[in-house]
Amino acid sequence: MNRKNALAAGVAAALALGSVTMVATQSSAAPRPTAAAGASAARPGAGFRAMTADARSEAIRTAGRNAAATARALGLGPDERLVAKDVLIDADGTRHVRYDRTYKGLPVIGGDLVVHLTQDGGITGSDLAHQGAIRIAGTTPRLTAADASARAVKHAKHVKKAKADSKDSALVVYAVGKFPVLAYRSTVTGEGETGPASREAVIVDATSGAALDQYELHQSVTGTGNGVTVGQVSIETTQTGGGYTLTDAAHGGTIVYDSYNSPQSNPKQNARTFSKTTNSWGNGTSSSRESAAVDASYGLAKTWDYYKNSFNRSGIRNDGRGAPAYVHVDNSLLNAFYDDDCFCMFFGDGSSQNGNTPVTALDVAGHEMSHGVTAATANLTYSGESGGLNEATSDIFGTMVEFSAGNAGDPGDYYIGEKLNMSGGYMRRMDNPSADGNSLSCWTSNAGSVDVHYSSGIGNHFFYLAAEGTGAKTIGGRSHNGTTCNNDTFAGIGKDKAAAVWYRALSTYMTSTTNYAGARTATLQAAADLYGTNSQERYLVSKAWAAVSVGTALPDPGTGTPTPSPSTPTPSPTTPPGGNALANGSFEQGTSGWTQSDSIITNSTLQPARDGSWYAWMMGYGADAVESLSQSNIAVPSTGTPKLTFWLKVTTQESGSTAYDTLKVNVNGTTLATYSNADASSGYVQKTVDLSAHKGQTVKLEFAGTEDTYLSTIFLLDGITIG
């Protein structure tokens with residue numbers, strides 16, 4: 001769960017249970033089965049069950065038949081419909097059903113969700129990109145499609161000389177935020193990173209025309225190559241009456257075409273199949289057009305094999321169907337990309353900067369095909385932090401493909417595009433992302449505004465540390481150094497376990513709007529599923545996240561007590577400098593110092609901060625929900641009368657003095673104060689809590705919110721101090 005919803009008006013409909021049973025409506029409220037405490041191996045049932053294409057289709061049809069009852073069980077509105085997208089089944093029969101959502105027939109951007117069910121169909125939890133029912137004023141736009149297209153052209157920021165047609169603007173509900181709005185999704189084209197025919201999606205408010213979001217439609221890797229890199233390999237082809245074609249029947253019928261330098265705006269324009277009378281292809285250099293095709297065919301086959309052998313996934317969409325690939329796209333195209341609209345991949349020939357060597361290296365093929373896997377699962381939006389996670393996912397699995405292929409000419413390592421003769425020797429480094437001068441190694445509050453290829457460094461760095469741990473190593477003949485953002489040191493869990501955790505999180509828990517905090521939650525749940533709640537694997541995953549400044553480490557299951565690190569110091573219990581024992585009590589440093597269960601700390605202008613720009617927004621779903629915001633290792637002063645002081649604003653749709661929705665102040669697990677919808681105020685009100693009972697102690701402070709099924713209550717926090 002990554003976004004929240006405050007109901008605009010009225011009472012949410014009561015849960016009407018159909019053929020499914022409701023246990024809980026969000027993942028934080030419903031513990032899922034895990035391995036026994038301390039288990040070091042995957043629990044029975046944690047792996048995904050093998051499914052034939054027919055079995056998968058039937059599972060999706062079953063999910064579609066149950067969609068209406070599931071929507072009622074989740075408390076969705078009467079105008080909403082669920083469309084089954086995919087089903088994963090664990091070995092023990094547990095099901096994870098991924099749905100898209102519509103509202104009065106309109107697609108809902110940010111409306112995707114995953115429902116978790118027992119073998120007999122009982123719902124045990126759910127992860128929603130947008131929590132609660134959709135409520136908008138109406139579906140009649142003030143702007144026309146032509147108006148929206150014109151606004152989209154003005155708002156485009158990823159392409160130059162943008163243009164758009166009204167037929168490329170469609171009404172949607174944009175639910176990537178507190179309040180869903182009617183919007184247009186427009187496609188504009190122009191000059192951009194992927195060439196003169198780059199495409200960008202622009203979301204504009206259907207009433208005001210204001211820009212709501214923009215993101216590239218081509219998820220691309222840019223780089224250069226240094227000749228054909230895979231060397232002499234075996235590839236799968238198909239024999240025809242007159243010879244052979246580059247059709248890989250063993251991998252879903254994947255076909256590699258020669259685009260024949262068709263323009264990027266229409267890369268299939270001149271496309272033709274590769275065919276010949278003998279079954280020998282290419283000469284290992286770019287002088288033969290077949291050589292790039294060999295690279296692509298080999299790389300896509302190895303990617304397919306990796307997903308099949310590791311996760312029992314049959315192709316990009318897990319339906320056994322291969323995606324076509326096109327090499328020799330355009331002229332001097334220094335790029336490769338995946339396009340989900342056509343379910344195909346494209347590879348350029350490079351440019352004079354790299355001797356016109358095709359961009360078809362092994363990890364590039366794995367990267368692009370993995371964009372398709374992301375589109376078919378979490379469908380991470382290609383902007384903001386979710387866009388960084390999207391790119392990181394492709395880097396992670398492109399790297400794993402390189403390891404699993406065992407190609408002597410391109411051994412596995414954690415460098416991205418190292419065979420492409422880039423300046424500096426690589427495109428990105430997972431062990432030290434910031435070494436390229438652009439990528440982020442550590443999370444910061446502005447990570448969502450950084451180019452997704454650079455914010456991916458946070459996820460890449462996490463994965464490397466989770467897999468390999470800290471310290472200097474030589475991997476694949478290249479130097480690696482697992483430095484951290486908090487000077488911590490720890491061992492890794494191994495790349496295969498780290499990849500298993502990431503894949504389960506991606507395919508089972510992440511949604512389109514998942515950010516880095518949400519990815520931490522998803523991977524910790526995945527690690528618990530696979531290796532146990534109290535496993536070293538889950539603990540080390542938390543250490544790796546803390547090492548890139550996302551959250552703090554969990555207690556060490558070996559001792560049952562937290563392991564302090566430089567990122568979470570234990571200060572002496574004396575009066576702190578400046579009179580505040582809390583770190584970042586004003587939230588002006590974003591999430592620094594705090595652990596949040598969801599995207600709570602924000603600078604959204606939809607609500608006011610008391611001071612500055614940042615504040616904490618808790619609750620406001622209008623549905624059953626729980627949230628927490630906490631900070632650990634706080635040294636309560638040992639002198640005077642210590643107290644907690646903060647500013648609180650409460651707005652609610654409830655009436656009367658009954659406490660339906662609450663915000664509790666907990667210190668070391670004990671509730672010291674409770675506020676509710678009955679404390680509604682027109683502005684911020686200062687609150688004080690006596691901490692004398694904890695004088696001289698090191699404590700954990702938690703704000704814990706709970707909301708019931710019906711009307712919404714919003715709790716805003718700012719200016720928190722302990723002194």
Side-chain angles (χ1 to χ4, degrees), residues 40-42 306 310 362-363 366-367 370 389 391-407 410-419 425-436 439-443 456-506 516 519-520 523-524 526-527 530-531 535-551 553-554 556 558 563 565-567:
S40 58
Y306 171 73
S310 299
L362 179 57
D363 55 0
H367 179 108
S370 293
L389 285 166
E391 274 294 314
T393 297
S394 282
D395 281 352
I396 288 167
F397 290 124
T399 292
M400 291 303 298
V401 168
E402 193 176 80
F403 275 111
S404 68
N407 186 292
D410 190 4
D413 54 48
Y414 293 91
Y415 286 52
I416 308 300
E418 74 280 1
K419 302 294 287 186
Y426 54 86
M427 291 172 59
R428 291 183 286 277
R429 275 182 63 172
M430 300 178 76
D431 64 319
N432 185 12
S434 61
D436 64 17
S439 297
L440 300 180
S441 286
C442 311
W443 185 90
S456 65
I458 302 164
N460 286 346
H461 197 195
F462 156 77
F463 183 83
Y464 176 84
L465 292 170
E468 301 290 343
T470 57
K473 293 185 177 183
T474 298
I475 303 172
R478 297 180 182 271
S479 297
H480 294 68
N481 193 7
T483 58
T484 64
C485 307
N486 59 5
N487 298 319
D488 198 2
T489 59
F490 51 88
I493 63 175
K495 60 182 180 294
D496 292 331
K497 285 185 176 181
V501 167
W502 193 270
Y503 180 79
R504 185 167 178 86
L506 177 78
Y516 274 111
R520 176 183 182 273
T523 53
L524 288 177
L530 294 170
Y531 307 113
S535 64
Q536 276 291 309
E537 288 86 352
R538 184 169 184 259
Y539 166 62
L540 290 171
V541 165
S542 77
K543 294 272 279 184
W545 279 121
V548 298
S549 303
V550 179
L554 298 172
D556 187 340
T563 302
S565 70
S567 66

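Because the structure is predicted, anything quoted here is derived from the model rather than measured.
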Would you check if [X] and [Y] make a side-chain contact, meaning some heavy-atom pair closer than 4.5 Å?
X    : Y    : result
D431 : E468 : no
V541 : I493 : yes
L389 : Y516 : yes
Y464 : N432 : no

Test N460 against T399 for side-chain contact (heavy atoms from CB on, under 4.5 Å), laying out the working first.
CA-CA 10 Å; N460 286 346; T399 292; over 6 Å; no
Enumerate the salt bridge (Lys or Arg N to Asp or Glu O under 4.0 Å) contacts for residues 474-487, please, sequence neighbours excluded, ordered by first and then second residue.
D413-R478
Would you compute the distance between atom OG1 of T393 and atom CD of E391 and round it to the nearest 0.5 angstrom?
9.0 Å
Nearest-0.5 Å distance that lies between atom OG in S434 and atom NE2 in H461:
7.5 Å
In sequence, state the C-alpha distance, the side-chain angles, and the governing distance for Y414 and F403, and then conclude on ring-ring contact (aromatic ring centres under 6.0 Å, His included).
CA-CA 9 Å; Y414 293 91; F403 275 111; 5.2 Å; yes
When you compare the side chains of E402 and N407, does any donor N or O come within less than 3.5 Å of an acceptor on the partner?
no
Dump the intermediate steps for side-chain contact (heavy atoms from CB on, under 4.5 Å) on M400 and D496, then the final yes or no.
CA-CA 8 Å; M400 291 303 298; D496 292 331; 3.5 Å; yes
Under 30°, 30 to 60°, or over 60°: which ring-plane class applies to Y503 and F397, parallel, tilted or perpendicular?
perpendicular
Testing C442, S456, S441 for side chain to side chain contact (heavy atoms under 4.5 Å, CB included) with P433, which one passes?
S441
Please walk me through it: do Y531 and Q536 pass side-chain contact (heavy atoms from CB on, under 4.5 Å)?
CA-CA 8 Å; Y531 307 113; Q536 276 291 309; over 6 Å; no
Using the side-chain contact (heavy atoms from CB on, under 4.5 Å) rule, take K497 and V501 through it: C-alpha gap first, then chi angles, then the decisive distance, then the call.
CA-CA 6 Å; K497 285 185 176 181; V501 167; 5.6 Å; no
Please name all residues satisfying side chain to side chain donor-acceptor pair (under 3.5 Å) with T484, sequence neighbours left out, ordered by chain then number.
N486
Residues passing the salt bridge (Lys or Arg N to Asp or Glu O under 4.0 Å) test with D436, sequence neighbours excluded, are none
